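Following: one structure in structure tokens, then a few remarks.
Just so it is clear, the structure is predicted and the values come from calculations on it, not from any experiment. Numbering starts at 1 and runs along the sequence shown. Computed over heavy atoms, backbone and side chain alike; hydrogens, waters and symmetry mates excluded. We count ligands from 1, going down the list as the structure has it; atoms in each ligand are counted the same way.
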Amino acid sequence: MDFSLTDEERAVRDTVRSFIRREVMPLEAEVLRRERAHQPGLDHSEVRELQLKARKFGFWGLATPEEYGGMDLPAVLQSLIWTELGHTFVPFRFGGEADNILFHATEEQKQEFLIPTIEGERRSCFAITEPGAGSDAANIRLSARRDGDDWILDGEKTFITGGHDADFAIVVAVTDREKGARNGGATAFLVDRSMGWRSEFIQTMGEGGPASLIFDGVRVPHRNILGEIGQGFTLGMEWIGKGRYTIPSHAIGIAERVLQMAIDYANTRETFGTKIGANQAIQWMIADSETELEAARWLVLRSAWTVDQGLDPRHASSMGKLYGAGMVNRVVDRVLQIHGGMGYTRELPIERWYRQVRLYRIFEGTDEMQRLIISRDLLRGYTKIGGHLA
Ligand SMILES: Cc1cc2nc3c(=O)[nH]c(=O)nc-3n(C[C@H](O)[C@H](O)[C@H](O)COP(=O)(O)OP(=O)(O)OC[C@H]3O[C@@H](n4cnc5c(N)ncnc54)[C@H](O)[C@@H]3O)c2cc1C
């Protein structure tokens, strides 16, 4: 058994690390200042400028196939990169990406939607959640009714990341109510904003926010169906599957950064004539955080490895998402505690991370849904205790 990184993994990881340190972290003070003034940390053109800079270093389209100019990296390497990105709260991610399910597009759709999204000229959002259907995504109601060569979409989506800025939405709609979404009754549509949907920004406890998308008789041409009629729910689950290892990978990066802040603070802050790090209460918080962080790292790397091996990654990914999301919440909470009153202020970014990571237990499958998947697969005998080593 070999737990070390390959030379290539280490080289890519280190290059990303130095790019983040050199080009992204110096922006942190300005990002905090703007967010405190209720402005976006970075605007679209600034993110794009950074992405084009990264492109010069060869970092473009981590998950994008080479034929589209991407790197098509294995999941383990992508996981390592998402961890590096987690080291900073600057809202940056590498460019050259598109929603994984957009690669199911027809040639014509690829020219209109996929390629401009990869190039950063168009912005997408993915919409399955509705006011009455979140965890129970098969209960969606937004309807698509055939009318000649078009479909008419009616209903509402909610909590859609990037929904207020997107040029087009990938919308999962009910096309056959009798069948039900899970059994071929839902279809994915590529819907330009110019076709008539509108968005309403939703305030959240985090920075930025998702949006509700309102479809009131929006007419969409038949050629804008993504994939096959009836394939919408399957595509939706494929879209969500990607986040199951990228989200906890990001969580690991956040936990590494804040834990280091806690260690530095514990080694400098003095009370009662000694460093606070000399107290067992503080030492235990640091020890528990490092232990949980390390456990999350191997769970998540194994789930990414499972993807690379072509094995069914759902069980491992659900464990990684469940544990990684919980871990980062516990670690940030302890780190805030170690910083005392300073941790609670807006002079430090800890309270920002505290608000941000709460989301990780909710979106792309809540803790409870991950538990449901993990236990269901064990109870029906689909997976064995011990995973691939069993
Ligand atoms: C900031 C943000 C961004 C998002 N981005 C997107 C996006 O881009 N696209 C998109 O389509 N969606 C998006 N979502 C939606 C997100 O995926 C849902 O919020 C999530 O799936 C939970 O659904 P819900 O909010 O309706 O909660 P509900 O499903 O109503 O659940 C409420 C609570 O009950 C629990 N629960 C539900 N059923 C069970 C059960 N059977 N057993 C035990 N507990 C249960 C849940 O775990 C939760 O704790 C986003 C959400 C947020 C907050």
Side-chain angles (χ1 to χ4, degrees), residues 35 40-41 89 91 93 97-102 117 123-142 144 153 155-174 181-182 186-191 193 197 199-215 226 232-244 246-248 250-251 254 314 317-318 321-323 325-326 328-329 352-379:
E35 288 178 351
F89 55 82
R93 53 184 292 180
E97 296 281 336
D99 306 79
N100 54 353
I101 58 173
L102 266 185
T117 304
R123 280 182 275 178
S124 66
C125 64
F126 170 77
I128 189 165
T129 304
E130 297 183 5
S135 303
D136 187 9
N139 199 30
I140 53 170
R141 288 282 177 269
L142 187 145
L153 269 57
E156 183 178 340
K157 295 293 181 185
T158 194
F159 292 133
I160 308 307
T161 301
H164 207 47
D165 304 311
D167 303 302
F168 71 95
I170 307 169
V171 183
V172 183
V174 178
R182 207 184 285 279
T187 302
F189 291 85
L190 297 163
V191 194
R193 190 181 282 270
W197 55 269
S199 58
E200 287 171 7
F201 185 78
I202 301 171
Q203 301 276 354
T204 67
M205 68 189 274
E207 301 299 334
S212 291
L213 314 186
I214 294 106
F215 296 79
L226 178 64
F233 193 77
T234 311
L235 289 177
M237 293 306 107
E238 186 180 330
W239 186 90
I240 286 168
K242 171 100 167 85
R244 297 262 157 93
T246 54
I247 292 168
H250 198 247
I254 295 173
R314 281 175 303 175
S317 302
S318 285
K321 163 83 166 56
L322 171 66
Y323 192 75
V328 74
N329 274 273
R352 185 200 184 283
W353 272 305
Y354 186 86
R355 290 181 286 113
Q356 176 187 345
V357 300
R358 191 61 186 82
L359 176 63
Y360 291 20
R361 296 183 52 206
I362 296 171
F363 75 164
E364 299 189 25
T366 61
D367 283 1
E368 293 72 24
M369 288 305 106
Q370 307 307 338
R371 288 191 174 99
L372 190 131
I373 294 165
I374 296 160
S375 60
R376 188 186 52 199
D377 283 352
L378 285 168
L379 287 166

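Here the heavy atom of the protein found nearest to atom 8 (O) of ligand 1 is Thr161 N, 3.0 Å. Of the protein's non-hydrogen atoms, the one nearest atom 29 (O) of ligand 1 is Ser135 OG, 2.7 Å. Among all non-hydrogen protein atoms, the one lying nearest atom 13 (C) of ligand 1 is Phe159 O, 2.9 Å. Summary of contacts: the protein heavy atom closest to atom 10 (C) of ligand 1 is Thr129 OG1, 3.3 Å. If you check which protein heavy atom lies closest to atom 45 (C) of ligand 1, you get Met369 CE, 3.8 Å.
When each of Phe189, Phe168, Trp239 is checked for a ring pair (Phe, Tyr, Trp, His ring centres under 6.0 Å) with Phe126, only Trp239 meets the rule. Here the options are Ser318, Ser375, Ser317, the test is side chain to side chain donor-acceptor pair (under 3.5 Å), and the partner is Gln370; only Ser318 passes.
The contact set between ligand 1 and Ile160, taken as ligand atoms under 4.0 Å from a residue heavy atom, comprises 7 (C), 8 (O), 9 (N), 10 (C), 11 (O). The atoms of ligand 1 that sit less than 4.0 Å from any heavy atom of Ile362 are 20 (C). Interface of Thr366 with ligand 1, defined as ligand atoms under 4.0 Å from a residue heavy atom, comprises 22 (C), 46 (C), 47 (O). Interface atoms of ligand 1 facing Glu364, defined by a heavy-atom separation under 4.0 Å, are 17 (O).
The closest approach between any non-hydrogen atom of Leu359 and ligand 1 is below 4.0 Å.
Atom 33 (C) of ligand 1 lies below 4.0 Å from none of the non-hydrogen atoms of the protein. Proximity of atom 51 (C) of ligand 1 to the protein is indicated by at least one non-hydrogen atom lying closer than 4.0 angstrom. Distances from atom 15 (C) of ligand 1 to the protein include at least one heavy-atom value under 4.0 Å.
Taking any N or O of Trp239, backbone or side chain, none lies under 3.5 Å from an N or O belonging to ligand 1. The N/O atoms of Ile128, backbone and side chain alike, include one that comes under 3.5 Å of an N/O atom in ligand 1. In terms of N/O distances under 3.5 Å, ligand 1 is approached by Glu368. Ligand 1 has an N or O atom lying under 3.5 Å from an N or O atom of Phe126, backbone or side chain.
In this structure the side chain of Arg123 never reaches within 4.5 angstrom of the side chain of Thr117, judged on heavy atoms.
The minimum heavy-atom distance between Leu102 and Ile170, with the atom names listed, is CG-CD1, 3.9 Å.
The residue Lys157 has no part lying near ligand 1, judged by heavy-atom distances below 4.0 Å.
A salt bridge links Arg355 to Glu207: at least one charged side-chain nitrogen sits closer than 4.0 Å to a carboxylate oxygen. At a threshold of 4.0 Å, the pair Glu35-Arg352 counts as salt-bridged, since one of the basic side-chain nitrogens sits closer than that to a carboxylate oxygen.
At least one donor-acceptor pair under 3.5 Å links the side chain of Asn100 to the backbone N or O of Glu238. With Lys157 contributing its side chain and Ile128 its backbone, the two residues share a donor-acceptor pair below 3.5 Å. For Glu156 (side chain) and Ser212 (main-chain N/O), no donor-acceptor pair under 3.5 Å exists by modelled atom type.
How far CH2 of Trp197 is from CD1 of Ile214: 10.0 Å, rounded to the nearest 0.5 Å.
Environment of CZ in Arg193: crowded, with over 12 heavy atoms of neighbouring residues, nucleotides or ligands closer than 6.0 Å.
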Can Lys321 and Tyr360 be said to form a side-chain contact (heavy atoms from CB on, under 4.5 Å), step by step? CA-CA 8 Å; Lys321 163 83 166 56; Tyr360 291 20; 5.6 Å; no
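Comparing Ala211, Gly132, Gly134, Ala137 by heavy-atom distance to atom 24 (P) of ligand 1, the nearest is Gly134.
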